[in-house]
Amino acid sequence: MILPADFDFTQGNLQDYLDCPYRFYMRYIKRTKWPALVVGDALEFEARGQAGGRFHRLVQQYMLGVPEDRIDEMADEDPNNDLRAWWDGFLSHVPPWLDGERWVETTLTAELADYRLVAKYDLILSDSNGGLTIFDWKTSQKLPRKDWLLERVQTRLYRLVLLEASPLFTGGGPLTADHITMNYWFTAQPQTPVALPYQTSTYQRDRGDLSQLIEEISSSKPSDFRRTDDLKKCHFCIYRSHCDRGIEAGDLGDFDDFNIEPVDDPGEISFEALPEIKF
Ligand code: SF4
């Protein structure tokens, strides 16, 4: 078996495998760090990730009951002017959607193909009708298409893991898929989240596809992890000089900023430190 014994599958590492099996091999099996930038404008890239992280912290504090005027002050004092506008957009539109029990920054796990799937949620809302809604806050500048979001590993994995873990929320048996919706809320389009309701047929398809993918990865030999043929993936990959796929990093303007991860600032509450709920 090529994977480390304690290996967990996440939306990040599965998406990496789909983007380029060799990148997955370098990053998660060889654990090779490579001194290259993801995009040319490294400082702006990092600043965007940190601003996204600070916005997530504001929302988290709001969900946990920190007074709104205190959060307003933090938004006003933020070095990135976008944060104030993002926060205004959130306050203007999101609170009426938040009726129900809130599970803030929660990690859930499920078993699939003898491996553990791990999903980290910004918010899960449990409503009085027995529905569960996932909210994922996105600060990316580009708005992706709905059909693109539906095929992302994040969408497929998050809904599947929540359905499998649903007895935790019901206190009884599992829900059916139609009780679950995933909402992507974008700061660039605050008035309407992109709502992706789940269906039993989609759950069955995702379960089959993800099982197959995990079995394929876990049974692969090193030589099976092929380099992608899609050279656009290499423009924003730190291994491009190792792979002889160019030296210059791609332009930040061309980068799919949906993939910029929110970064925790030092001193803030750590996402990783929050408790995990096991299924
Ligand atoms: S540079 Fe291209 S081929 Fe090499 S790991 Fe990255 S995405 Fe894959």
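On a predicted model such as this, the values are computed, not experimentally measured, just so you know. In each ligand, atom 1 is the first atom listed, and ligand 1 is the first ligand listed.
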Report yes if some heavy atom in the side chain of Trp103 is under 4.5 Å from a heavy atom in the side chain of Glu101; otherwise report no. yes
Distance below 2.8 Å from atom 4 (Fe) of ligand 1: protein N/O/S atoms: Cys243 SG
Determine, step by step, whether Lys221 and Ile2 satisfy the side-chain contact (heavy atoms from CB on, under 4.5 Å) criterion, reporting the C-alpha distance in whole Å, the side-chain angles of both residues, the deciding distance to 0.1 Å, and the verdict. CA-CA 7 Å; Lys221 304 185 294 298; Ile2 196 162; 5.9 Å; no
Taking the side chain as C-beta and beyond, is there a heavy-atom pair between Met74 and Gln61 under 4.5 Å? yes
Are Tyr184 and Thr155 linked by a side-chain donor-acceptor pair shorter than 3.5 Å? yes
Under the side chain to side chain donor-acceptor pair (under 3.5 Å) test against Asp16, which residue among Tyr25, Tyr28, Tyr22 passes? Tyr28
Between Arg54 and Glu77 (salt bridge meaning N to carboxylate O under 4.0 Å), is one present in this structure? no
